[in-house]
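These notes concern the structure reproduced below.
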Amino acid sequence: MSDATTEPHFDYDIAIVGAGPVGLALAGWLARRSATSRLSIALIDARTPEAAATDPRSLALSHGSRVMLQPLGFPADATPIRRIHVSQRGHFGRTLIEHDEHELPELGYVVRYGSLVAALADAVRKTHVDWVTDTSALPPLQDDESVTVPLQSASGERTIRVRVLVNAEGGLYQQAPRETAVANDRRARDYGQTAIVGTVSVSEPQANVAWERFTNEGPIALLPCGGQRHADYSLVWCGSPDEAARRMQLDDDAFLAELGAAFGARMGRFTRIVGRAAFPLGLTALHALVERRAVAIGNAAQTLHPVAGQGLNLGLRDAQALCDALSTDGPRPLALAHFAQRRALDRRLTIGATDTLARIFTVDFPPLAAMRGLALTALEFLPPVKTALARQMMFGQRR
Ligand SMILES: Cc1cc2nc3c(=O)[nH]c(=O)nc-3n(C[C@H](O)[C@H](O)[C@H](O)COP(=O)(O)OP(=O)(O)OC[C@H]3O[C@@H](n4cnc5c(N)ncnc54)[C@H](O)[C@@H]3O)c2cc1C
């Protein structure tokens, strides 16, 4: 039993480590939901939202993610996707996914990472969330009542004591996936691939069409990203680490020529590339999201291959489910148990589908390529299957 004199001191009810899109969305949603109960919330990140503007990624967000984010804010420069064209290079078979088949205004949107972080940060700054510009030095210390989180800043070290700690500090793309493969608390796979990202322009653009083209080396995604400037596409070109390293060194003309040879001429010629950057690709997925009073969400919980653009969409569904659980059950282990239970199916399906796609479309074995072509073609003739697949990718499993 605790009374006023023995009640332990807490700095915050909830500390969220990581102000990436997932941590920001959770902070914003929690602040809105807890306006009356007034949960005290800290959001911890040494990086400012302005620094995130330099992140070279553009992200495809599903219509379902936009609906979730709308109450907080959505980037004004987002580009709608109305058709997705999926095919494989050098083999027959393709499928089209159209927005009107699903009675949706758009299938999804392409947003710049920096624009999304800026929009969410604006929303969070208007709330009672305490933004702490420190770095957390996980792992934290836990007892039955609380979590003690060590923090480091330019002015030194300190600790804060909280009831629940949320790890939203992002993924492991920047580290070699092999380093994590030995850990037994997670599922891990090294795809032996690196993604080159950048913004390209084409000579014959098709407005609001996103392309996913599978090659023997890995998928190439082109996402419309120029707003009204239809000629611009965000490129994600997955290939072997050696080839990616070589392509990073090519001059622009040589790079664009190789990209044209790999993607084909469906949008004419590639005329420009800016902002080339490379990301090593791997799968890391924690087996358990909760450890007593600490919980992981977003890329800290699972880091996926970008093949179907599911990483952030899945992370936002983590954040929304955690917001629901903490708002309903309070900052207690019971809320975290409910959260973990509710996320199990969606995680299993989305991680499984992404992992399968990343692997089966890169095996250079002619009979398998023929089967993949058949599968893509069959989707055109099996609308219920295509619809079910598209809906899983757009909305996931929320219950
Ligand atoms: C090439 C590429 C293309 C992608 N395309 C898509 C796509 O089309 N669609 C999609 O849904 N997903 C896509 N993804 C995945 C997407 O980028 C991630 O899922 C998303 O960024 C995860 O958000 P997050 O907030 O969990 O983590 P992050 O975006 O990594 O943010 C983590 C935050 O935590 C902070 N942080 C880290 N460590 C600490 C610490 N110790 N203390 C305090 N703060 C800390 C960081 O500064 C950062 O602000 C892609 C990924 C890649 C690499």
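Read the numbers this way: they start at 1 and go in the same order the structure lists the ligands and their atoms.
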Scan side-chain atoms only and decide if [X] and [Y] contain a donor-acceptor pair under the 3.5 Å cut-off.
X      : Y      : result
Ser87  : Arg213 : yes
Asp355 : His305 : no
Ser146 : Arg161 : yes

Should one rank [options] by closest heavy-atom distance to [atom], which comes out on top?
atom                    : options                       : answer
atom 38 (N) of ligand 1 : Gln310, Glu169, Gln152        : Glu169
atom 30 (O) of ligand 1 : Cys238, Gly311, Pro49, Gly170 : Gly170
atom 16 (C) of ligand 1 : Arg57, His305, Gln302         : Arg57

Mutual orientation of the aromatic rings belonging to His85 and Trp211 [parallel < 30°, tilted 30-60°, perpendicular > 60°]: tilted
Less than 6.0 Å separating the ring centroids of Tyr233 and Phe270? no
Which atoms of ligand 1 are found less than 4.0 Å from any heavy atom of [X]?
X      : result
Val197 : 1 (C)
Ile44  : 43 (C), 44 (N)
Val17  : 42 (N), 43 (C)

What part of Pro306, side chain, backbone, both or neither, has a heavy atom within less than 4.0 angstrom of ligand 1? side chain
Consider every N or O of Ala46 and every N or O of ligand 1, then say whether any pair is closer than 3.5 Å. no
Are the charged groups of Arg272 and Asp232 less than 4.0 angstrom apart, N to O? yes
